[in-house]
Each structure stands twice: as structure tokens, then as C-alpha cells.
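See below for the structure under consideration.
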Amino acid sequence: MLHASIRPLRPAKLARGISHQLVVPPRSNPVISYGPAGRSAVSGHVATVFGCTGFLGRYLVSKLAKAGTTVVVPFRDADESRHLRPMGDLGQIVPLEWDIRDPDTIAECVRHSDIVYNLVGRDYETKNFTYEDVHVKGAKSIAEISYANSVSRFIHVSHLNANINSPSKYYATKAAGEDEVKAAFPNATIVRPGAYFGHEDKLLNNMA
């Protein structure tokens with residue numbers, strides 16, 4: 001009887017055969033894409049999008065899913081995340097319940113991801129969540145836990161007018177959140193967009 005031993009391919013040998021399909025993130029394992037192009041493809045990447053139920057988040061989830069990325073969509077209310085499921089192929093959109101004040105649920109959302117987007121923000125304060133809770137403490141927790149879980153890339157969405165000296169509490173906390181993110185995740189990418197407009201926005205639709 002013949003006995004054959006199966007040895008896993010080393011990354012260097014694997015790269016020689018499929019170099020165009022192999023991506024090695026800075027702080028993660030090799031990522032290999034396969035399958036047909038488009039929505040049914042598997043890019044090998046796993047992305048977590050915090051704030052996915054918002055105006056910007058839903059379009060980001062759709063864009064990622066069309067590229068074959070597995071997308072983790074953290075939610076607080078299950079009804080708010082239902083519309084995200086059809087944006088990807090079967091099993092490609094992974095909804096997980098989370099709480100911005102619960103580190104364990106944040107860790108569960110990012111532990112399989114190689115890229116994390118933080119789009120969480122508030123236009124107004126409530127009795128449960130202040131600007132400080134969401135823009136500063138929440139951003140810090142997500143960045144720290146992502147770094148601790150060896151996430152390769154962290155993208156934090158702030159605001160064009162973020163300024164720590166601003167008389168607006170909204171803009172001041174946005175700037176403070178940026179500082180906390182950079183301290184927790186030194187290689188984080190900070191995005192500063194202006195006002196969003198388009199279908200389903202809260203700007204033009206309110207004027208119509």
C-alpha cells in the first residue's frame with residue numbers, strides 16, 4: 001500500500017503559480033481570489049462596515065459585495081439591516097448584532113476581517129448617545145479592537161469641517177475622534193467628506 005503525504009504549499013511557492021490572485025496584507029494571512037467575475041466572485045477579502053445601515057454605508061456594502069468581498073454588517077436593529085442582504089450572493093452578507101459600548105460584540109464583528117470601515121456618526125445627540133459617546137469613545141473602541149485583532153487596514157470616516165477648536169460640538173468631537181483613531185491604529189486612513197447628497201439623502205430630499 002502506498003502512503004502519500006500531503007504538504008501545504010508555502011506562500012512563496014503558491015505565489016509563483018497564481019501571483020495575480022494572491023494578495024498578502026501587511027498584518028494578515030495571504031488572500032486568494034477565485035470564482036467568476038462580479039457578484040458571485042470571491043475576492044478572499046472580508047470587510048466589516050460599521051455604520052452600514054446609514055446613507056453612505058448601504059452604498060459601500062453594495063460596492064464591496066459586487067467585487068466579491070464578504071461583508072460583515074453590524075446592526076443594532078435587525079429591521080434596519082434587512083435591505084442589505086440582497087446586495088450580495090448567498091452567504092456573502094453577514095449580519096451581526098453589536099453594541100458600541102460592548103467590546104466583545106465589536107471584537108466578534110472584526111475578528112475575521114482584514115479591512116474595517118467606521119462610518120458610525122450622529123447628526124444629533126440623544127439621551128442614550130452623546131456626540132462624545134459615538135464620535136470619540138466609539139471610534140476609539142473600534143480602532144483599538146481592530147488593531148488588537150490584527151486587522152490590516154482601518155478606514156475612519158470623519159467630516160470635512162472637523163476641528164478640535166470648533167464652537168460646534170459635532171465638529172469638535174469629530175476631530176477628537178480622529179486623534180483617538182490615529183493613536184489606537186497608527187496606519188489608519190482618515191476620510192473627510194463634505195455633505196452627502198443623492199437618492200435617499202437627508203439634504204435634497206428634505207428640500208423637495
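Excluded from the calculations below are hydrogen atoms, water molecules and symmetry mates; all remaining heavy atoms, backbone and side chain alike, are included.
Nearest heavy atoms, Y131 versus R122: CE2-O, 3.4 Å. Nearest approach of K174 to A162, heavy atoms of both residues: CB-CB, 3.9 Å. When all heavy atoms of L84 and C52 are compared, the closest pair comes out as CD1-SG, 3.8 Å. For A176 against V136, the heavy-atom pair with the smallest separation is CB-CG2, 3.8 Å. The minimum heavy-atom distance linking I93 with A65 is given by the pair CD1-CB, 4.0 Å.
One hydrophobic cluster holds both I145 and V134 under the rule that ILVMFWY side chains link at heavy-atom gaps under 4.5 Å. Linking Ile, Leu, Val, Met, Phe, Trp and Tyr residues whenever their side-chain heavy atoms come within less than 4.5 Å places V120 and V181 in a single cluster. At a threshold of 4.5 Å between side-chain heavy atoms, the hydrophobic network of Ile, Leu, Val, Met, Phe, Trp and Tyr places F55 and L64 in one connected group. When the side chains of ILVMFWY residues are joined at heavy-atom separations under 4.5 Å, either directly or via intervening members, V72 and V157 end up in two distinct hydrophobic clusters. L96 and M87 are assigned to two separate hydrophobic clusters, defined by single-linkage of ILVMFWY side chains at heavy-atom distances under 4.5 Å.
With sequence neighbours excluded, the residues satisfying side chain to side chain donor-acceptor pair (under 3.5 Å) with R58 are E200. For the side chain to side chain donor-acceptor pair (under 3.5 Å) test, residues two or more places apart in sequence or in another chain that qualify with R82 are D79. Checked against side chain to side chain contact (heavy atoms under 4.5 Å, CB included), P167 has no partners two or more places apart in sequence or in another chain. Judged as a salt bridge (Lys or Arg N to Asp or Glu O under 4.0 Å), and not counting sequence neighbours, R76 has no contacts. Residues passing the salt bridge (Lys or Arg N to Asp or Glu O under 4.0 Å) test with K169 are E125, sequence neighbours excluded. Residues satisfying the side chain to side chain contact (heavy atoms under 4.5 Å, CB included) criterion with P95, sequence neighbours excluded, are V73, F75, R85. Checked against side chain to side chain donor-acceptor pair (under 3.5 Å), E178 has the following partners two or more places apart in sequence or in another chain: S158, R192. The ring-ring contact (aromatic ring centres under 6.0 Å, His included) test applied to Y117 returns no partner, not counting sequence neighbours. Listed by chain and number, the residues in a side chain to side chain donor-acceptor pair (under 3.5 Å) with S168 amount to none (sequence neighbours excluded).
Using a 4.5 Å cut-off on side-chain heavy atoms (C-beta onward), S166 and N161 make no contact.
With rounding to the nearest 0.5 Å, the separation of OH in Y171 from CG in N165 is 15.0 Å. In this structure, I100 CD1 and N118 CG are separated by 7.5 Å, a value rounded to the nearest 0.5 Å. Here the CZ atom belonging to R111 is positioned 9.0 Å from the CG atom belonging to N149, to the nearest 0.5 angstrom.
Sorted by first and then second residue, the pairs that involve residues 89-114 and meet ring pair (Phe, Tyr, Trp, His ring centres under 6.0 Å), not counting sequence neighbours, are F50-W98. For the salt bridge (Lys or Arg N to Asp or Glu O under 4.0 Å) condition, the pairs that include at least one residue of residues 90-104, sequence neighbours left out, are R101-D133. Within the structure, side-chain hydrogen bond (donor to acceptor under 3.5 Å, both in side chains) pairs that include any residue of residues 135-145 comprise H135-T173 (at least two apart or interchain).
Put simply, the side chain of Q92 never gets that close to the backbone of V71: no donor and acceptor are under 3.5 Å apart. Between the side chain of S146 and the backbone N or O of V151, no donor-acceptor pair lies under 3.5 Å. The backbone N or O of I142 sits nowhere less than 3.5 Å from a side-chain atom of Y147 that would complete a donor-acceptor pair.
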Inset, instruction - Go through the steps to decide whether F185 and V116 satisfy the test side-chain contact (heavy atoms from CB on, under 4.5 Å), and finish with yes or no. - result: CA-CA 11 Å; F185 204 115; V116 171; over 6 Å; no

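No option in T69, T48, I155, T189 other than I155 meets the side-chain contact (heavy atoms from CB on, under 4.5 Å) test with I115.
Residues H159 and Y170 bring their aromatic ring centres within 6.0 Å.
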